[in-house]
Number of protein chains: 2
Amino acid sequence: MPVVTETRVDFWQAHGINPDNCPVRQVLDHVSAKWPVLILMVLGGGPRRFNELLRALPDISKRMLTQSLRNLERDGIVRREVFDTKPPSVSYSLTELGQGFLPRVLALADWAETSMPRILAARDAYDRG
Amino acid sequence: MPVVTETRVDFWQAHGINPDNCPVRQVLDHVSAKWPVLILMVLGGGPRRFNELLRALPDISKRMLTQSLRNLERDGIVRREVFDTKPPSVSYSLTELGQGFLPRVLALADWAETSMPRILAARDAYDRG
DNA sequence: AATATAGGTCTCAATTAGAGACCATTGTCG
DNA sequence: CGACAATGGTCTCTAATTGAGACCTATATT
């Protein structure tokens, strides 16, 4: 039996936090889903309207965009404002909470970017082996 | 037409990087999939065997564990070693690359943990409104 | 002989994501 | 006037992904 260091996951378990009631996992779940991350990166450039987001993320569907935005809004990460123009326009932007989250996401993207050569090399080796 | 700041996503687009060949997005996919993040957090505590991981993540299926580990291994984030015991045992651990990746992932988890009260409050308000 | 452990694979059902039609209102163009 | 575009979505149907769990080979234990 190997000696193991306690991880955060062990801690969660020890405290009866299961996947269904673990708040961190719930946040991570939609914060770390495919689209929310990309949406936040776009909103990092300033407020965007619905269709602007659609154009910025060429391969997202309206359905997923709506859904992801609703989730982010519900968690207070994104703010949704409707302007009474004709036709009405809707603006999405990062809340203060969202602005605190973004740097962590960007840190990940930076890491991915600088580590890319090593990752590609690893893939190459794996696929050949 | 609103004046918008260029985001990294805009930059990708301007350089013809589409979702299918964008390396950063491919890496981010590990983060934004459900299991890899949790697996990395467990491996942060030291090497683990296949069934140890299975026990550490009570709600993952063997199928998804295998699949996630293969992806991480392919990208050089996780190392897989087979020991010729009877029956053979397999050890998974973070590579150097994986150790560089983990802190960024933990930063996300930390943020989620400390922001939880605000997020729960936002949810509550959203669901009532 | 039966059962357990190791580390998986395979199949099938359930869940989730994606493609795209559709909607109401207003503005523009010919 | 009639057609067409843009606004921000919803709805349906299909395709892809995930999850549950049976099954597998080999050795060790009871």
Side-chain angles (χ1 to χ4, degrees), chain A residues 1-2 4 18-20 22 25-26 28-40 42-43 46-74 78-93 126 129, chain B residues 1-2 4 18-20 22 25-26 28-39 42-43 47-74 78-93 126 129:
Chain A
M1 179 109 113
V4 293
N18 61 50
D20 293 331
C22 172
R25 268 174 80 157
Q26 283 172 33
L28 243 35
D29 262 2
H30 61 252
V31 126
S32 77
K34 178 175 181 181
W35 295 114
V37 169
L38 272 336
I39 292 172
L40 293 176
V42 175
L43 290 183
R48 293 283 189 284
R49 308 234 307 266
F50 186 84
N51 281 320
E52 284 183 303
L53 285 169
L54 220 45
R55 281 188 291 268
L57 273 2
D59 56 336
I60 196 174
S61 65
K62 288 181 161 196
R63 191 178 156 284
M64 288 314 293
L65 179 57
T66 303
Q67 202 172 100
S68 305
L69 285 170
R70 293 281 182 279
N71 284 335
L72 292 169
E73 190 196 352
R74 185 165 104 102
V78 157
R79 177 177 26 246
R80 177 178 186 272
E81 292 168 289
V82 181
F83 296 107
D84 196 15
T85 56
K86 319 255 166 139
S89 57
V90 180
S91 170
Y92 291 94
S93 52
Y126 184 94
Chain B
M1 179 106 113
V4 293
N18 63 47
D20 292 331
C22 172
R25 265 172 82 158
Q26 285 172 30
L28 242 36
D29 272 356
H30 289 314
V31 170
S32 70
K34 184 173 179 180
W35 297 111
V37 169
L38 272 336
I39 292 172
V42 175
L43 289 183
R48 293 283 190 282
R49 306 236 306 265
F50 186 84
N51 281 319
E52 283 184 302
L53 286 169
L54 219 46
R55 281 188 291 269
L57 275 0
D59 57 338
I60 197 176
S61 66
K62 287 181 162 197
R63 191 180 157 282
M64 289 313 293
L65 179 57
T66 302
Q67 202 171 103
S68 306
L69 285 170
R70 292 283 182 277
N71 285 335
L72 293 168
E73 189 196 352
R74 185 166 104 102
V78 157
R79 176 176 30 246
R80 176 177 186 272
E81 293 166 287
V82 182
F83 296 106
D84 196 16
T85 55
K86 317 254 167 138
S89 57
V90 179
S91 170
Y92 291 94
S93 52
Y126 184 95

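Note that this is a predicted model, so its numbers are computed, not measured. Below, chain A is the first sequence line, B the second, and so on; all start at residue 1.
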Write down the distance between [atom1] ([X]) and [atom2] ([N]), rounded to a whole number of angstrom.
X       : N      : atom1 : atom2 : answer
A/Phe83 : D/dG9  : CZ    : P     : 13 Å
A/Asp84 : C/dT26 : CG    : P     : 11 Å
A/Leu69 : D/dT10 : CG    : C1'   : 15 Å
B/Leu65 : D/dG21 : CG    : C1'   : 15 Å
A/Asp59 : C/dA19 : CG    : P     : 8 Å
B/Leu57 : D/dA20 : CG    : P     : 13 Å
B/Ile60 : D/dG19 : CD1   : P     : 8 Å
B/Met64 : C/dC10 : CE    : P     : 16 Å

**Message:** Looking at A/Arg49, is its backbone amide N or carbonyl O close enough to the side chain of A/Glu52 to form a donor-acceptor pair, meaning the two atoms are under 3.5 Å apart?
**Reply:** yes
**Note, B/Leu53 side chain near B/Ile60 side chain (heavy atom, < 4.5 Å)** = no
Could you list, one pair per line, each protein nitrogen or oxygen that sits under 3.5 Å from a nitrogen or oxygen of nucleotides 5-9 of chain C, together with the distance?
residue: C/dA6; atom: OP2; partner: B/Asn51; partner atom: ND2; Å: 3.4
residue: C/dA6; atom: O5'; partner: B/Asn51; partner atom: ND2; Å: 3.3
residue: C/dG7; atom: OP1; partner: B/Arg49; partner atom: NE; Å: 3.3
residue: C/dG7; atom: OP1; partner: B/Val90; partner atom: N; Å: 3.0
residue: C/dG7; atom: OP1; partner: B/Val90; partner atom: O; Å: 3.4
residue: C/dG7; atom: OP2; partner: B/Asn51; partner atom: N; Å: 3.2
residue: C/dG7; atom: OP2; partner: B/Asn51; partner atom: ND2; Å: 2.9
residue: C/dG8; atom: OP1; partner: B/Arg70; partner atom: NH2; Å: 3.4
residue: C/dG8; atom: OP1; partner: B/Arg80; partner atom: NH2; Å: 2.2
residue: C/dG8; atom: OP2; partner: B/Tyr92; partner atom: OH; Å: 2.8
residue: C/dG8; atom: N7; partner: B/Lys62; partner atom: NZ; Å: 2.7
residue: C/dG8; atom: O6; partner: B/Lys62; partner atom: NZ; Å: 2.6

**Prompt:** Can you name the nearest heavy-atom pair linking A/Pro88 to A/Val82, along with the distance?
**Reply:** CB-CG1, 4.5 Å
**Item:** Heavy-atom closest pair, residues B/Ala56 and B/Pro58
**Value:** O-CD, 3.3 Å
**Request:** Walk me through it: do B/Leu38 and A/Arg25 pass the test side-chain contact (heavy atoms from CB on, under 4.5 Å)?
**Result:** CA-CA 9 Å; B/Leu38 272 336; A/Arg25 268 174 80 157; 3.9 Å; yes
**Asked** If we ignore angles and hydrogens, is there a donor and acceptor under 3.5 Å between the side chains of A/Tyr92 and A/Arg48?
**Response** no
**Message:** I want to check one thing: is the phosphate of D/dG19, taken as OP1 and OP2, less than 4.0 Å away from some side-chain N or O of B/Trp35?
**Reply:** yes
